[in-house]
Amino acid sequence: MSTSTSTGTPPGTARPPAPVFSVDGLWKVFGPKAGRVPADPELTALSPAELRARTGCTAAVRDVSFDVRKGEVFVVMGLSGSGKSTLVRCLTRLIEPTAGTIAIDGEDVRAMDKSRLRELRRHRAAMVFQHFGLLPHRTVLDNVAYGLEVQGMGRAERRERAAEVVAKVGLEGLEHRRPGQLSGGQRQRVGLARALAVDPEVLLFDEPFSALDPLIRRDMQEEVVRLHREEGRTMVFITHDLQEALKLGDRIALMRDGRVVQLGTPEEIVGSPADDYVRAFVRDVPREQVVTVRTAMRPASSADEAGAGPALRPEATVTEAIEAVARAGSAARVMSDGRCLGVVDAEALLSVVAGTADTAGPVEGSRAAGAARVDDGASPPRAKPGAGEAPAERREPTNPALATTEEPV
Ligand SMILES: Nc1ncnc2c1ncn2[C@@H]1O[C@H](COP(=O)(O)OP(=O)(O)OP(=O)(O)O)[C@@H](O)[C@H]1O
């Protein structure tokens, strides 16, 4: 088990990438004289129901702080009404925040004038909506090109760019159809392509797949994982679906009643729930799907053990490790930069499945509520590479003497 905490970076761990969005003490209160609520400790101490009864106000986002790091998929998860959409809309001021600060690449979003805001929404942080927002009389190609048209790009150039993106999201051959001639999944791909076409620094997804049937939804999730893997684009993804959050998120901010009750990697949220609410939320998640071999490994007992057996990257899940160990019939090595960090054997993997292992990973930002800043934790974005691709962070081997030079497969 790692001993890292929410405030520091463990020795030998790379610093997290720079933040794209930086949010501090953010409030959004709807209702009469909303501005007085964040500043009044008596009102901020009230429960949502009491606040509504006393003031007629709803605090949709309550004192939330976090960073979205470059290249990560940052998931905002919570039940209906927990404040997810309001929070994400505040990032580009589609909803005006009541209090707090928001910066994109260090630039104060709340200080932006109209034209700067327009630029932010068009070029820097494009939104993919649940209901697509497609123009019914335009073809797929022209819908995708729409954002480029708004930017003033010439017709030939924008259609060429749109055609590239249409192909990228798997819609080749459908360029000349209209939205009404497409399935729900295809329409969502058009929405995604339209956002991608403007090449934004961040893609914001507002529950984009919740209206899709389960199989198409899975396809679209895989599409997002693929795009993220290929492009490394920063993404903020709203969902109320835990499985979707665990599948897509490098980190997840779990919201309840406008607050972030826990912010961490899927492994941290499932392995170290911050409170009973989170614990109940994640109770049925199979541990082996989220616990990584970095958590499950033990030091290699000999140079022989460190030098043989299948190699796994530290971010591989226990499920992946079980497959590798079962195939090889021997313990697997956890490799980073050609060094053996430790090994996982059948016994250790089984104990994760059985729930007898200590799988509480490093806890990041698990302080309840958004009152304290939840950022700069230990974990940089979890790469979701296929096996054998570069791991997301570098650590010293458990026993440097046992280091080998092989890369994980
Ligand atoms: N314009 C508004 N005026 C008043 N209250 C609002 C407004 N918009 C949202 N709210 C309230 O703010 C709270 C958070 O709403 P929000 O839509 O952000 O939640 P959500 O988690 O995105 O929910 P869902 O998953 O159902 O979309 C809810 O109590 C909602 O009723």
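One-based numbering, in listed order, for ligands and for the atoms of each.
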Can we say [X] and [Y] salt-bridge, meaning some charged N sits less than 4.0 Å from an Asp/Glu carboxylate O?
X	Y	result
Asp206	Lys84	no
Arg226	Glu230	yes
Arg54	Glu42	yes

>> Using ring-ring contact (aromatic ring centres under 6.0 Å, His included), reason through Phe21 and Phe66 one step at a time and then give a plain yes or no.
In response: CA-CA 8 Å; Phe21 275 112; Phe66 61 89; 8.4 Å; no

Find all protein N or O atoms under 3.5 angstrom from an N or O atom of ligand 1 and list the pairs with distances, or write 'none'.
unit_1	atom_1	unit_2	atom_2	d
ligand 1	18 (O)	Thr86	N	3.0
ligand 1	18 (O)	Thr86	OG1	2.5
ligand 1	19 (O)	Gly83	N	3.3
ligand 1	21 (O)	Gly81	N	3.4
ligand 1	21 (O)	Ser82	N	3.1
ligand 1	21 (O)	Ser82	OG	3.4
ligand 1	21 (O)	Gly83	N	3.0
ligand 1	21 (O)	Lys84	N	3.1
ligand 1	21 (O)	Lys84	NZ	2.8
ligand 1	22 (O)	Ser85	N	2.9
ligand 1	22 (O)	Ser85	OG	3.0
ligand 1	23 (O)	Gly81	N	2.8
ligand 1	25 (O)	Lys84	NZ	2.8
ligand 1	26 (O)	Ser80	OG	2.5

> What residue pairs, at least two apart or across chains, pass ring-ring contact (aromatic ring centres under 6.0 Å, His included) with a residue in residues 231-275?
Replying inline: Phe205-Phe237, Phe209-Phe237

>> I'd like to know if the side chain of Glu267 pairs up with that of Thr295 as donor and acceptor (distance under 3.5 Å, no hydrogens or angles considered).
In response: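 Side chains of Glu267 and Thr295: pair found under 3.5 Å.
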
